[in-house]
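Written out below as structure tokens is the structure these notes cover.
So you know, we letter chains A, B, ... as the sequences are listed, proteins then strands, and number each from 1.
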Amino acid sequence: MSDLTSDLEGKTRYDPAEVEPRIMRRWLDSGLFHPEPAGTPDENYSIAIPPPNVTGVLHMGHALNNSIQDCLVRYHRMRGQRTKWIFGTDHAGIATQTQVERALEQEGLSREEIGREEFVARVWEWREQYGDAIVEQLKRLGASCDFEDERFTLDEAYAEAVLEVFVALYNKGLIYRDRYMVNWDPGSRSAISDLEVEDREVTDTLYYLDYPLASGSGAITVATVRPETMLADTAIAVHPEDERYRRLIGETAILPLVGRKLKIIADEYVKPDFGTGALKITPGHDPNDFEIGRRHGLQQLSAIGEDGRMTAEAGQFEGMTVAEARRAVVHELREQGLVAHAEEYPHTVPFSHRSGERIEPLVSLQWFMRMDELAKPAIDAVKDGRVKFAPERFAKVYLDWMENIRPWCVSRQLWWGHRLPVWYRGKETYVGTEPPRGEGWEQDPDVLDTWFSSALWPFATLGWPKDTPALRSFYPTDAVITGRDIIFLWVARMIMMGLEFREQIPFADVHITSIIQAPDGRRMSKSLGTGIDPLNLIDGGPRPPVFPQGGDFPAYGADAVRWGLLAMSSGQDVRFSEEKVGQGQQLTNKLWNAARLILLGVDAGTSPGAVTPSKIEDRWIISRLARAKAEVRARIERYDFSHAALALYDFIYGELCDWYLELVKPRLRDHDRDAQLTLLHVLVETISLAHPIIPFVTEEIYAHIPGVEGLLAAGTESLPERIDEEAEAALARTIAAVQAIRGWRAVSEVKAAAIVPARLAAGGYEETAAQIERLARLAFSAGAEAPVASVPVPGGAIEILPTDELDPGAAEEKRADQRAKLQAEIERAQAKLANEGFVSKAPAQVVQAEREKLARLHEELESL
RNA sequence: GGGCGCGUAGCUCAGUGGGAGAGCGCUCGCUUCACACGCGAGAGGUCGCUGGUUCGAGCCCAGCCGUGCCCACCA
């Protein structure tokens with residue numbers, strides 16, 4: 001006790017750097033974050049973390065997302081629910097493979113040179129070496145994940161789940177192999193899914209090329225931005241109704257440079273008013289042409305290979321890169337006078353989200369997953385409310401996508417990932433969780449899209465396909481917290497897989513978080529200099545270039561960062577605001593000092609216990625606390641974290657510290673037992689309420705509360721509290737009166753320290769008059785002398801009696817000001833009440849309130 | 001082309017039908033024995049524009065302007 005006391009006395013500032021590592025250690029050692037499976041998912045609470053990339057580092061999105069999850073998890077844990085925050089990391093196929101490839105490059109090696117086995121071994125090594133970084137960073141934030149039960153999407157047990165799912169869906173006919181047009185990413189030399197493609201605006205050249213007619217009578221002109229693909233053209237299409245070309249349908253044109261005969265076909269797809277109205281058809285290199293080709297049974301030729309170079313099909317251009325081939329083809333065509341026209345043409349083209357390279361649409365043999373059948377129950381689950389989105393509007397985004405869902409290309413030409421459980425022998429194909437028996441089988445070299453394994457996250461982490469206790473206790477989970485950018489990539493697929501393999505939704509709530517933008521409104525990005533490292537906010541570190549003031553962040557501490565991020569968040573995107581983090585820091589410091597006042601003030605041997613508030617301010621703070629608790633809890637349960645954070649701030653600052661602590665100070669000095677018990681009660685309840693949002697400072701304060709043991713994070717027993725309307729009204733009047741006097745003093749230029757004689761000419765202050773005297777620095781007397789000023793307060797006025805301390809001129813000025821304001825308000829109210837429409841049509845309650853207001857204003861004016 | 005947001009104090013944002021709010025910044029006053037990362041008091045908004053509904057509109061409706069994001073196969 002004495003150690004703790006001296007500890008408190010010296011620390012007038014809360015020091016997160018000293019406290020946080022110590023507290024985190026205690027939490028981790030306690031085993032509180034690691035629940036043993038028991039009970040049912042209904043009574044338990046669980047959230048599966050969106051698994052961070054194993055080689056990733058914490059960014060602002062993680063910081064917000066995990067602050068939210070930790071708030072929810074701590075909130076439910078404290079309420080006594082068996083709570084598991086399912087934890088683990090993602091192998092992140094392309095991202096991780098790319099990092100290791102870069103490292104190899106430094107050594108002058110390539111993955112091909114060292115071979116698949118060696119390469120995969122290297123990635124595992126890499127993971128051993130760097131895979132802990134993000135875990136450690138999450139701990140700095142105070143995340144109460146079940147770190148003792150860490151999963152990895154490539155672990156043996158997890159792989160079992162992945163193979164099981166693949167084989168089951170294959171046997172169901174939903175997974176199949178097909179030669180189809182895919183998004184080829186030359187950067188990662190792999191196919192990628194539609195969702196990993198982003199459109200960017202670029203300016204290309206639109207070439208108008210003349211294709212001579214076989215009849216010799218002129219040429220047909222086509223427009224293209226990709227002249228090099230002409231080498232794989234197999235037809236020309238026009239609109240069937242297009243009068244200009246009608247007579248040419250069925251004719252033949254000769255493909256320049258190649259000499260192939262191209263049939264001129266009719267297809268409704270062609271827009272007569274675009275370009276020349278004649279479209280060259282390249283089924284091998286354009287998604288639309290691919291479809292047209294299928295409709296018309298056209299040949300698919302590949303002039304561009306998977307290495308991004310021209311194939312033998314390209315003849316003289318073989319071996320060139322696409323860009324080289326484009327220049328060469330255009331040059332040749334120009335020589336032959338076949339380029340009729342060329343113009344700049346801005347349009348959107350697909351790029352790889354991963355590598356940033358321009359997508360090369362190619363026809364390729366890949367594995368696909370048919371989604372429509374899986375989507376149906378997942379659509380129903382959202383439509384009938386078993387899965388709820390917050391904010392609600394994202395349900396529509398989800399449904400729109402799901403209702404138009406297309407097959408998913410799940411194979412990737414990478415080495416890092418779950419290798420397809422598929423073997424070939426000649427024309428035979430074998431799919432199974434175990435390799436086939438017999439000689440001569442060769443396993444498919446491809447791996448699965450990372451999101452394939454992520455889709456199983458909520459149940460594969462709990463041990464599925466085995467029927468484990470963890471699965472029985474924690475699936476379905478309660479919520480998933482994520483950004484809207486992965487609604488399709490992850491959320492939708494988890495819902496589909498959960499319903500397919502567990503016949504249950506994976507989570508009841510989907511909370512879509514804000515995306516935090518840089519302070520200037522741009523996207524947060526390392527390369528733009530707009531990314532903010534959350535650890536630099538916690539520890540103090542350099543401000544990124546997007547902050548013009550430069551310098552270092554102060555060491556705000558994790559609580560401040562958490563509070564700030566929650567306060568910033570809302571249903572929409574928000575700009576990062578360092579001020580909000582600063583506000584969070586002020587709050588932690590304020591709370592710390594409030595705790596010091598209380599803990600250094602109570603008598604030795606006094607510990608929290610039953611409270612029977614006698615004084616009106618005690619009843620008031622307990623009533624206000626009850627309201628704050630209801631408010632904060634309701635906000636957290638509605639995923640409205642900014643209002644939860646702000647409501648907490650308002651209570652701690654605006655009620656507890658600004659008023660209650662000031663009101664109770666004299667009694668604390670007098671060793672008033674009721675005051676001490678009320679203070680301890682309110683302190684424990686307040687830190688308990690605040691803990692899910694600012695866990696470190698509250699846990700640290702809890703450790704100093706006399707007579708309590710254990711961790712605040714484990715929850716505290718809560719005593720019943722009641723709303724006390726009478727006390728709230730009395731204190732509301734008192735606060736208003738004190739503020740009115742302070743305002744009057746400021747404009748009257750009374751010395752701040754002066755005690756001013758006054759007379760209380762108002763009712764309703766029977767229990768608080770002495771408090772008003774102290775807080776407003778007045779000395780009430782019952783004298784009969786004429787007042788020099790009268791300050792309106794609820795229920796009457798406080799009259800200022802003559803004294804040397806005040807300047808009568810200033811006081812009169814103030815009074816005139818107030819009279820004018822009151823007069824204006826009276827006129828407003830009178831006009832409103834004189835309005836026939838208002839009196840007859842507005843609710844009686846509203847009219848009555850207006851009448852009472854007018855009467856009050858008149859009273860106040862008279863008292864001046 | 002379709003869809004979804006946003007536009008309120010210098011800045012970042014609350015506020016969904018009955019007297020315009022918070023934090024930061026700014027001004028003034030306080031070394032008041034928890035906190036100067038403090039305390040007290042203030043200044044500062046034709047609530048993007050136009051029209052409509054209503055007794056009453058920041059809030060509901062329509063149009064417009066500005067701005068951001070998502071989806072989409074016009075070469």
Side-chain angles (χ1 to χ4, degrees), chain A residues 8-9 11-14 181 199 206-207 222-226 229 237 269-271 273-282 286-292 345 347-348 350 361 391 393-394 396-397 400-401 404 484-485 487-488 515 517 519 521 554 556 560 567-568 570-580 582-583 585-601 642-643 646 649-650 653-654 657-658 661-662 665 669 738-739 742-747 749-753 775 777 825 828-829 832 835-843 845-847 849-850 853:
Chain A
L8 279 178
E9 242 160 16
K11 290 187 184 168
T12 59
R13 283 188 190 179
Y14 172 65
M181 174 72 55
D199 284 337
L206 182 63
Y207 295 94
V222 297
T224 180
V225 292
R226 302 209 52 194
T229 65
Y269 168 80
V270 183
K271 305 270 187 297
D273 54 352
F274 189 89
T276 62
L279 179 61
K280 72 192 241 343
I281 302 298
T282 321
D286 182 279
N288 301 314
D289 295 4
F290 180 80
E291 294 298 335
I292 295 170
Y345 180 63
H347 64 150
T348 59
R393 70 187 130 92
F394 290 107
K396 185 173 151 37
V397 176
D400 284 348
W401 186 74
N404 297 297
R484 59 164 198 265
D485 49 333
I487 292 175
F488 308 143
I515 289 175
Q517 300 166 333
Y556 285 112
M568 269 177 245
S570 71
Q572 67 201 51
D573 293 352
V574 288
R575 295 187 183 196
F576 177 82
S577 142
E578 187 178 347
E579 289 73 27
K580 277 281 188 294
Q583 200 180 340
Q585 184 195 27
Q586 288 177 331
L587 179 67
T588 56
N589 194 56
K590 192 74 174 173
L591 190 56
W592 173 250
N593 277 292
R596 288 180 62 234
L597 173 71
I598 296 168
L599 296 173
L600 293 171
S642 65
H643 287 101
L646 291 165
Y649 182 96
D650 286 345
Y653 254 85
C657 294
D658 285 355
L661 295 184
E662 295 305 326
K665 269 178 184 172
R669 285 183 208 122
V738 170
Q739 286 175 330
R742 283 174 177 168
W744 172 83
R745 292 179 66 115
V747 293
E749 292 174 11
V750 182
K751 278 219 162 65
L775 296 176
R777 292 177 185 269
E825 282 196 60
R828 250 190 72 105
K832 214 167 176 182
N835 181 338
E836 180 56 32
F838 176 71
V839 179
S840 61
K841 292 187 179 171
Q845 217 179 320
V846 174
V847 177
E850 199 63 28
K853 178 177 134 192

Next item on the list: Sort out the partner of B/C55 for me: Watson-Crick or G-U wobble, both distances under 3.5 Å, none otherwise.
Entry: B/G18
Checklist line | Any residue meeting ring-ring contact (aromatic ring centres under 6.0 Å, His included) with A/Tyr556, in chain and number order, not counting sequence neighbours | finding: none
Item checked: Phosphate contact (B/G38 OP1 or OP2) by A/Gln586 side-chain N/O below 4.0 Å -> yes
Next item on the list: In whole angstrom, give me the gap between the C1' atoms of B/U32 and B/C39.
Entry: 8 Å
Notebook entry, point to check: Want to settle it: does A/Tyr14 or A/Val225 sit nearer the 5' end of RNA chain B, counting the closest nucleotide to each?
Noted result: A/Tyr14
Check: What integer number of Å spans the P atoms of B/A9 and B/C49?
Finding: 11 Å
Check: Can you tell me how far C1' of B/G23 sits from CG of A/Asp650, to the nearest Å?
Finding: 10 Å
Check: Looking only at atom P, what distance separates B/G7 and B/C59, rounded to whole Å?
Finding: 12 Å
Check: Who are the ring-ring contact (aromatic ring centres under 6.0 Å, His included) partners of A/Phe394, not counting sequence neighbours?
Finding: none
Check: What is the nucleic acid contact for A/Tyr207, judged by heavy atoms within less than 4.0 Å: base, sugar-phosphate only, or nothing?
Finding: nothing
Next item on the list: Output the single nucleotide from B/C30, B/A41, B/G5 whose closest atom is nearest the side chain of A/Ala752.
Entry: B/C30
Note to self: Both A/Ala829 and A/Leu206 contact RNA chain B. Taking the nearest nucleotide for each, which residue is further toward the 5' end?
What the structure shows: A/Ala829
Margin query: Checking base pairs now: Watson-Crick or wobble, both atom distances under 3.5 Å. What partners B/G1?
Written below: B/C71
Next item on the list: Give none if B/C6 has no partner; otherwise give the nucleotide forming a Watson-Crick or G-U wobble pair with it, both distances under 3.5 Å.
Entry: B/G66
Margin query: Would A/Arg484 and A/Ile487 count as a side-chain contact (heavy atoms from CB on, under 4.5 Å) here? Give the steps.
Written below: CA-CA 5 Å; A/Arg484 59 164 198 265; A/Ile487 292 175; 3.8 Å; yes
Notebook entry, point to check: Between B/C35, B/C39, B/C55, which one does the side chain of A/Glu662 approach most closely?
Noted result: B/C35
Margin query: Just to be sure I understand the rule, does A/Gln583 reach a base, reach only the sugar-phosphate, or reach nothing, if contact means heavy atoms closer than 4.0 Å?
Written below: sugar-phosphate
Note to self: Checking contacts here: which listed nucleotide (B/G19, B/C39, B/C37) is nearest the side-chain heavy atoms of A/Arg828?
What the structure shows: B/G19
Next item on the list: Identify whether any heavy atom of A/Arg13 sits under 4.0 Å from a base atom; if not, whether one sits that close to sugar-phosphate; answer base, sugar-phosphate or nothing.
Entry: base
Notebook entry, point to check: On the ring face of A/Phe838, is A/Lys841 found with NZ or CZ under 6.0 Å from the centre and within 45° of the axis?
Noted result: no
Item checked: Out of B/G3, B/A75, B/C37, whichever nucleotide has its closest atom nearest the side chain of A/Leu279 -> B/A75
Next item on the list: Tell me what A/Glu578 touches on the nucleic acid: a base, only sugar-phosphate, or nothing, going by heavy atoms under 4.0 Å.
Entry: nothing
Item checked: Side chain of A/Tyr269 (C-beta onward), nearest among B/A75, B/A34, B/A41 -> B/A75
Margin query: Is there a side-chain contact (heavy atoms from CB on, under 4.5 Å) between A/Leu661 and A/Leu597? Walk through the geometry before answering.
Written below: CA-CA 9 Å; A/Leu661 295 184; A/Leu597 173 71; 4.0 Å; yes
Notebook entry, point to check: Which of these nucleotides, B/G40, B/C37, B/C35, is closest to any side-chain atom of A/Thr12?
Noted result: B/C35
Notebook entry, point to check: With a non-hydrogen cut-off below 4.0 angstrom, is A/Asp485 in contact with a base, only sugar-phosphate, or nothing?
Noted result: nothing
Notebook entry, point to check: Does any N or O donor sit under 3.5 Å from an N or O acceptor when you compare the side chain of A/Lys665 with the base of B/A34?
Noted result: yes
Item checked: Closest to side chain of A/Asn288, choosing from B/C55, B/G40, B/C73 -> B/C73
Check: Who is the Watson-Crick or G-U wobble partner of B/C39, with both distances under 3.5 Å?
Finding: B/G29
Are there any protein N/O atoms within less than 3.5 Å of an N/O atom in nucleotides 11-18 of chain B, and if so, which ones and at what distance?
unit_1: B/U12; atom_1: OP1; unit_2: A/Arg575; atom_2: NH1; d: 3.2
unit_1: B/C13; atom_1: OP1; unit_2: A/Arg575; atom_2: N; d: 2.9
unit_1: B/A14; atom_1: OP1; unit_2: A/Ser570; atom_2: OG; d: 3.3
unit_1: B/A14; atom_1: O3'; unit_2: A/His643; atom_2: NE2; d: 3.4
unit_1: B/A14; atom_1: O2'; unit_2: A/His643; atom_2: NE2; d: 2.8
unit_1: B/G18; atom_1: O2'; unit_2: A/Lys832; atom_2: NZ; d: 3.2

Notebook entry, point to check: Between B/C4, B/A41, B/A34, which nucleotide gets closest to the side-chain atoms of A/Arg393?
Noted result: B/C4
Check: Which of these nucleotides, B/G23, B/A75, B/C39, is closest to any side-chain atom of A/Ala223?
Finding: B/A75
Next item on the list: Could you check which of B/C71, B/C74, B/C30 has an atom nearest any side-chain atom of A/Phe488?
Entry: B/C71
Item checked: Sugar-phosphate, base or nothing in reach of A/Arg484, heavy atoms under 4.0 Å -> sugar-phosphate
